[in-house]
Amino acid sequence: MSEAAAPAGDIPPFRYTAAMADEIERRWQDTWEREGTFHAPNPTGPLADPGHPRAGAEKLYVLDMFPYPSGAGLHVGHPLGYIGTDCFARYQRMAGRNVLHAMGFDAFGLPAEQYAVQTGTHPRTTTVANIERYKAQLRRLGLAHDERRSVATIDTDFYRWTQWIFLQVFNSWYDADARKARPIAELTAEFAAGDRPTPDGRAWAELSPAEQRRIVDDHRLAYVSQAPVNWCPGLGTVLANEEVTADGRSDRGNFPVFKRNLKQWMMRITAYGDRLLDDLDTLDWPESIKLQQRNWIGRSTGAHIDFPTGTTDSGVAGGARIRVFTTRPDTIFGATYLVLAPEHELVDALTPAVWPAGTRDAWTGGHAGPREAVEAYRKAAAAKTDVERQADTKEKTGVFVGAYATHPVTGGQIPIFIADYVLAGYGTGAIMAVPAQDERDWAFAEVFELPIVRTVQPADGFDGKAYTGDGPAINSAAPERGLDLDGLGVADAKAATIAWLEANGHGVGAVTWRLRDWLFSRQRYWGEPFPIVYDATGAAIALPEEMLPVELPEVDDFSPKTFDPDDADSNPETPLSRRRDWVEVELDLGDGPQRYTRETNVMPQWAGSCWYELRYLDPTNAAHFVDPENEAYWMGPRAEGDCGGTDLYVGGAEHAVLHLLYARFWHKVLYDLGHVSSFEPFRKLFNQGMIQAYAFRDSRGTPVPAEEVVEVDGRWMHGEQEVTREYGKMGKSLRNVVTPDDMCAAYGADTFRVYEMSMGPLEVSRPWETRAVVGSYRFLQRVWRAVVDEQTGTLRVTDAPADTETRRLLHRVVDGVRTDMEGIRFNTAIAKLIELTNAVTRLEQTPREVAEPLVLMLAPFAPHVAEELWRMLGHDTSLAYADFPTADPALLVADTVTYPVQVNGKVRGRVEVPADAPQEAVRAAALEAVASALAGKEPRKVIVVPGRLVSVVA
RNA sequence: GCGGGAGUGGCGGAAUGGCAGACGCGGUAGGUUUAGGUCCUAUUGUCCGAAAGGACGUGGGGGUUCAAGUCCCCCCUCCCGCACCA
């Protein structure tokens, strides 16, 4: 790849080479920085600039998912999205909009910390160095960012506001009636005024301060809970549900994760389940991402139904009630047994000492008594890993607990089972089984010979087992009990059943969620400290705003305590707890100096990315995290009911339920509290594709450097050795990494940018092919040559008007490129520019009326060479704010049209007619053109598609 | 299993139901050059044909239509997500 860079002796002195590109690019990057070319004016504050050419113009906020500055640096896949947003932003700026585009760094978190641990240096040292390296790499690409707005989550100026937002969350509660968060002080006031009953009904004033605090704390959106959490000894920290894969391992590092009952900080994201789900409809996001969020949130609407139980020696006086959750209350007449999760809390109480009379052998699991059977089943279920459980989904297992429940409508006795196909963590951990309308229940009923009663009439021709479709209810009448569903459709039957349950005290309509509260604390060092201290009673107390930021202290040993990855019984230990002098602190929080203990957990890596897009808007504001006027301008709703948010957000699809869900949650809290005017952070989301690469292995399976492999007669050769080819991510270990630095050295940043944008639609993943980059290089050389004489360096541009054909082509291209740019179809936009360039290349001299628009249209993709040519064309200011060319509609319609003429669907001739020729004339000319193909036959039908073609049916 | 997306030349990819393969890579031929490379020109879906031209072609099979890569039905393959969520 170095041959393109090495100037051979006979290369013309003014040819566009990699060396020249390098000189041009660095010079323009310096110019842009010196002149602050890409500074976007704010409406107010230090970044306001009323004299700016775009001050007060229609705004556009373009955002990239900001990077983790990893130690490995960038490969050619990383900047794909950044180049895409840059091309879009540059186009929109030229099209007249005030464009905000900035780049920051997500620098707290595990990877940065792990890299630091590996290299034995402080995470801040390595992270800052990595950020500098990223910045240099990105600068080399000529990205038009407003560098004044760059932030890093590790800056105290930044994380002081992350902590401030945490305090907003902590000091809020969710008012379910108002469907919004409100300040916690308003809750306390309602309790004190008696407007809101306390949990046990006593007057607020009668409660001790500790009791009052407990009640208030139970309402906070950020709270401490003692609950089963995901403990990952291999990482030495707990993890959120979103960070644990389906097979029970850590998303990062792939370590085993165990359920441990630990005290941890949680965020009450479940309070926002409805809005997080419903507001997806307002977003312009890829359907697949919306679907992933819908699935993750997992709202199920149905009912809780109570089934009374009475066992002889269960110890439950008068019998307990088993509360089940179902989405199909309409099928209650088909409920022929109950199933509890093996871990369900009532199982022990329900299980008698001996099998009741008439217990079938199949139900006992071969055990002499129900207690042995239950214990054996639980043991077997607990021993199974999640993976094994999933593998066993076909064969249903379970055991009868030896007790019966009373059907709330029919009064019949139905057996109670435990089975691992019912999950303890979902709904109530208990179901009513309706085999006729549920495939899982049907499968279980087959194994255990349980009755199956159809209560929905299957559609005609249905020959399956369980029927889950819609249809009229059957076998569903108990007039003596006041419930008759027969004939009702599913929806009506559900409503009728819920009404009956509620009226008769047997249940209540209910909604359950798959979404759990967000586990927010991590036992790591490299994160934002909590602005929380504990008093002598152990109560968590928010530090006042003026004590922010709580700076991350230095520690001798920043590495987390990690454990044997399989040691489920290990206990987390926070690195910050080692700094006792930091942990123990004397503060005056209003009632005199007192001793407090600091929270030693840190926030998860997601905290900073939950709101960084807001800080770009007003990065220097010391009084607010963002000035409301600036937020309203850049992100506010455009119309009544509009969600607001960034106008374009580009990033990978892998954050579907992590960052994108958490950020929406925080944004909604800030919205409820009146700090922002938009109720969604990202209006339009675009997932860029992944650039992958081929890797090659020799006969021993060892990867060989991909750049040294050549194709010979369809075989892949590394020297004399044949190697095998595979396709996947770029990585050091596969020896197939290509970096932007390589490409900039060999061809220049502009060529690299054009290549990445032209290789396919931005959203599509594609293989990297270094040898194809030369095509973009040649393209830029042809543009250069169209403007500059390679031998003399003088202009080849003429002021004489272009010929009509060239002028029409220009305007067609202008029109097409504008449409493509608006639609983020850069590959086809570049193809059109190449066509135009190839057309002018053939001309003796390039008309200025073509050269100038060509250079302007090229500018979003190849900004440096475009600026250089623009200057050579006689302009003394940057083209960043030049008007993007506009097509003359009159030149888009041709004088004449050439119609292909089809006979029976095949093109048999062509006819050129005036564009305004009447259809009759087109028809006549067409028939004449294909007269020989018709061989004198009279056409049965002639279809003239204006401007398109003529179709003759013979 | 369920849901989503996608199958077009040797490769990446273009095509409001209207001439399939824009544009680029690669290949072939020629020009420039001492040579190679660069650069330029032409050509490049497959098959038949000397050519003119013709036939066939968008994963497979049916259908709608004057006309289907595009719309409808069935099937196959690949990728992604979820995975007993009641």
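So that the names make sense, note that chain A is the first sequence line, chain B the second, and so on, each numbered from 1.
Between A:R328 and A:D438 no salt bridge is recorded (no basic side-chain N to carboxylate O distance below 4.0 Å).
At B:G24, one or more side-chain N or O atoms of A:N838 fall inside 4.0 Å of OP1 or OP2 (strictly under the cut-off). Contact between the side-chain N/O atoms of A:R908 and the OP1/OP2 oxygens of B:C19 is not found at any separation under 4.0 Å.
Side chain of A:V764, nearest nucleotide from B:G13, B:C39, B:C25: B:G13. Among B:A22, B:A86, B:A55, the nucleotide with an atom closest to any side-chain atom of A:D438 is B:A86.
Across all strands shown, A:D441 has no heavy atoms under 4.0 Å from either base or sugar-phosphate atoms. Across all strands shown, A:S951 has heavy atoms under 4.0 Å from base atoms, whether or not it also approaches the sugar-phosphate. The residue A:N827 sits close only to the backbone: its heavy atoms come under 4.0 Å of sugar-phosphate atoms, none of a base. Base contact: A:R948 has a heavy atom under 4.0 Å from a base atom. At a threshold of 4.0 angstrom between heavy atoms, the contacts of A:R516 with the nucleic acid are absent. Note on A:K290: nothing from the nucleic acid sits closer than 4.0 angstrom, heavy atoms only. Among the heavy atoms of the strands, none lies under 4.0 Å from A:T512.
The same atom, C1', is picked in B:A20 and in B:G9; the two are 11 Å apart, to the nearest Å. Remark: the separation of the P atoms in B:U43 and B:C48 is 22 Å, to the nearest Å.
For B:G9, the O4'-C1' to base torsion is within 90° of 0; the nucleotide is therefore syn.
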